[in-house]
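Beneath this line is the structure, given in structure tokens, with notes to follow.
Model, not experiment: these values are computed from the prediction. Naming: A, B, ... by sequence-line order, numbering from 1 per chain.
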Number of protein chains: 2
Amino acid sequence: MTRNVRTYDHFCAVARALEQVGDRWSLLVIRDLLTGAKRFTDLMDRLGGITPKTLSQRLRELDDAGIVTADREPGRREVWYRLTPAGADLGPVIGTLGWWGLRHAWRWPQAGEPLHAEHLLGAAIQAIDLATDHHGPARWHFRLDGADYLAESDGHEWSVTAKAPSAPADVTITGTAQALVALIFAGSDLGIDIKGEPGAVERFRQLIGTMATVVHPA
Amino acid sequence: MTRNVRTYDHFCAVARALEQVGDRWSLLVIRDLLTGAKRFTDLMDRLGGITPKTLSQRLRELDDAGIVTADREPGRREVWYRLTPAGADLGPVIGTLGWWGLRHAWRWPQAGEPLHAEHLLGAAIQAIDLATDHHGPARWHFRLDGADYLAESDGHEWSVTAKAPSAPADVTITGTAQALVALIFAGSDLGIDIKGEPGAVERFRQLIGTMATVVHPA
DNA sequence: CTGGATCCATGATGATACTG
DNA sequence: CAGTATCATCATGGATCCAG
């Protein structure tokens with residue numbers, strides 16, 4: 001199988017970018033690597049519906065393009081895929097795409113549709129960043145479905161990382177991704193535990209509902 | 001032929017957005033409509049390599065998605081395609097994609113590669129916006145290969161429109177797109193005529209070369 | 001001449017099963 | 001765990017043709 005070298009042959013930066021990341025699934029692979037390195041099967045889990053053939057092909061193409069690298073260590077079975085600096089620079093592309101999708105192509109969770117916490121958190125953070133005037137620092141530790149996520153802002157830029165915080169967070173949220181949807185869209189605390197200083201918890205509660213206010217349900 | 005309903009079935013704003021605009025050519029159609037309404041054959045010209053079948057299919061899909069509308073007037077042969085407000089909201093997506101492409105996937109113009117002035121201008125404006133600290137207003141009128149373009153900034157946001165300015169511009173640049181490439185990348189004035197107040201012309205000259213400084217040639 | 005539609009060839013993707 | 005092999009299907013490209 002040779003590299004998919006389908007090009008547009010336009011003298012245009014947008015076309016050049018799409019030649020690298022415009023194939024089906026490519027940007028979703030990058031989306032899932034933005035929160036940290038993942039193994040092949042981690043990606044298979046999150047990219048519900050992709051076939052192993054397509055995933056390995058995309059990873060190889062992204063590697064060739066200098067967007068992804070594969071960490072292989074002798075004596076270890078696992079291969080960890082992570083973004084290169086050029087790959088990490090695609091963050092704003094995913095960000096603007098998600099922001100548009102949130103406002104113009106949203107749909108309520110469908111029956112049987114996989115619900116991954118980090119996809120939800122990515123959209124929530126994007127909505128807070130672009131639709132509120134909150135620009136203070138924040139560190140929120142989510143423990144959802146048994147996995148840890150750290151959402152933090154330095155006052156300018158937000159990030160979501162799939163790991164437990166090394167230093168204590170302002171707010172710790174424990175529960176399921178499903179229950180977090182209910183908190184965001186209905187303000188319901190059912191199945192969610194929120195801990196932290198009263199002021200920080202209050203700020204979190206105010207901000208986390210932002211996503212519900214910008215969605216244009218289809 | 002039925003609508004291409006291929007979905008990802010992820011509960012994720014990025015995936016939802018890609019279901020609407022992730023098909024091959026879709027974002028390039030939108031790129032070319034960002035500078036103003038175009039006819040079918042205008043788009044065929046700019047989207048070098050697309051087949052009429054694919055273009056009409058994409059336009060129909062984007063229409064169904066509420067991103068594009070077709071203006072048909074009785075007694076007029078032409079159909080003018082333009083972006084809806086939701087379509088215009090994709091501007092930042094094209095912008096970040098082009099900005100990434102400029103830095104990480106640039107390539108010098110290839111022999112026989114079509115060179116369209118508006119694609120060049122879009123990238124130049126993006127580079128000036130993100131790589132300089134120039135945030136004053138500007139109005140530049142380009143007349144390239146016989147077509148008019150207005151690039152303007154209100155001090156916050158840049159835009160490129162494929163039309164002659166209604167009010168006088170600060171600077172008027174006349175020549176070919178090919179010669180503009182030489183100006184940007186080599187500082188060469190050959191084949192380019194620049195008119196305007198000395199201060200405005202000087203600012204233009206300083207800024208227009210920005211693109212050359214951020215490119216990472218492949 | 002614009003705005004497509006049609007036919008066929010090819011190549012990309014999907015489904016399923018299987019392996020080092 | 002990290003893929004590959006095989007087969008089926010569907011989207012896209014190339015060329016051509018046609019209606020208003």
- Which residues satisfy the side chain to side chain contact (heavy atoms under 4.5 Å, CB included) test with Ala147(B), sequence neighbours excluded? Tyr149(B)

- Item | salt bridge (charged side-chain N to carboxylate O under 4.0 Å, His left out) partners of Glu78(B), counting only residues at least two apart | none

Please list, for nucleotides 3-8 of chain D, all pairs of protein and nucleotide N/O atoms separated by less than 3.5 Å.
| from | atom 1 | to | atom 2 | distance (Å) |
| --- | --- | --- | --- | --- |
| dG3(D) | OP2 | Tyr81(A) | OH | 2.2 |
| dT4(D) | OP2 | Ser56(A) | OG | 3.1 |

- Return the set of residues passing salt bridge (charged side-chain N to carboxylate O under 4.0 Å, His left out) with Glu157(A) (not counting sequence neighbours), or none when no residue passes. none

- Task: Name all residues meeting the side-chain hydrogen bond (donor to acceptor under 3.5 Å, both in side chains) criterion together with Asp9(B); count only those two or more places apart in sequence or in a different chain, and write none if there are none.
- Result: Thr7(B)

- Indicate the ring-plane relationship of His104(B) and Trp100(B), choosing parallel, tilted or perpendicular according to the 30° and 60° boundaries. tilted

- Query: Quantified as the angle between the terminal helix axes (five pairs each), what is the overall bend of the helix from dC1(C)-dG20(D) to dG20(C)-dC1(D) to 10 degrees?
  - Reply: 40°

- Task: Mind checking side chain to side chain contact (heavy atoms under 4.5 Å, CB included) for Thr54(B) and listing every partner two or more places apart, or none if nothing turns up?
- Result: Trp25(B), Ile50(B), Thr51(B), Arg58(B)

Polar atom pairs (N or O), protein with nucleotides 18-20 of chain D, under 3.5 Å:
| from | atom 1 | to | atom 2 | distance (Å) |
| --- | --- | --- | --- | --- |
| dG20(D) | N2 | Arg77(B) | NH1 | 3.4 |
| dG20(D) | N2 | Arg77(B) | NH2 | 2.1 |

- Could you tell me whether the phosphate oxygens of dG14(C), OP1 or OP2, come under 4.0 Å of any side-chain nitrogen or oxygen in Trp25(A)? yes

- Message: Holding to salt bridge (charged side-chain N to carboxylate O under 4.0 Å, His left out), I want the full list of residues that pass it with Asp170(B), two or more places apart in sequence or in another chain.
- Response: none

- Note on the structure: With sequence neighbours left out, the residues meeting side-chain hydrogen bond (donor to acceptor under 3.5 Å, both in side chains) with His141(A) are Asp148(A)

- Those residues that, when tested against Asp145(A), pass salt bridge (charged side-chain N to carboxylate O under 4.0 Å, His left out) (two or more places apart): none

- Note on the structure: Residue pairs meeting salt bridge (charged side-chain N to carboxylate O under 4.0 Å, His left out), one or both in residues 84-94 of chain A, sequence neighbours left out, come to Asp89(A)-Arg103(B)

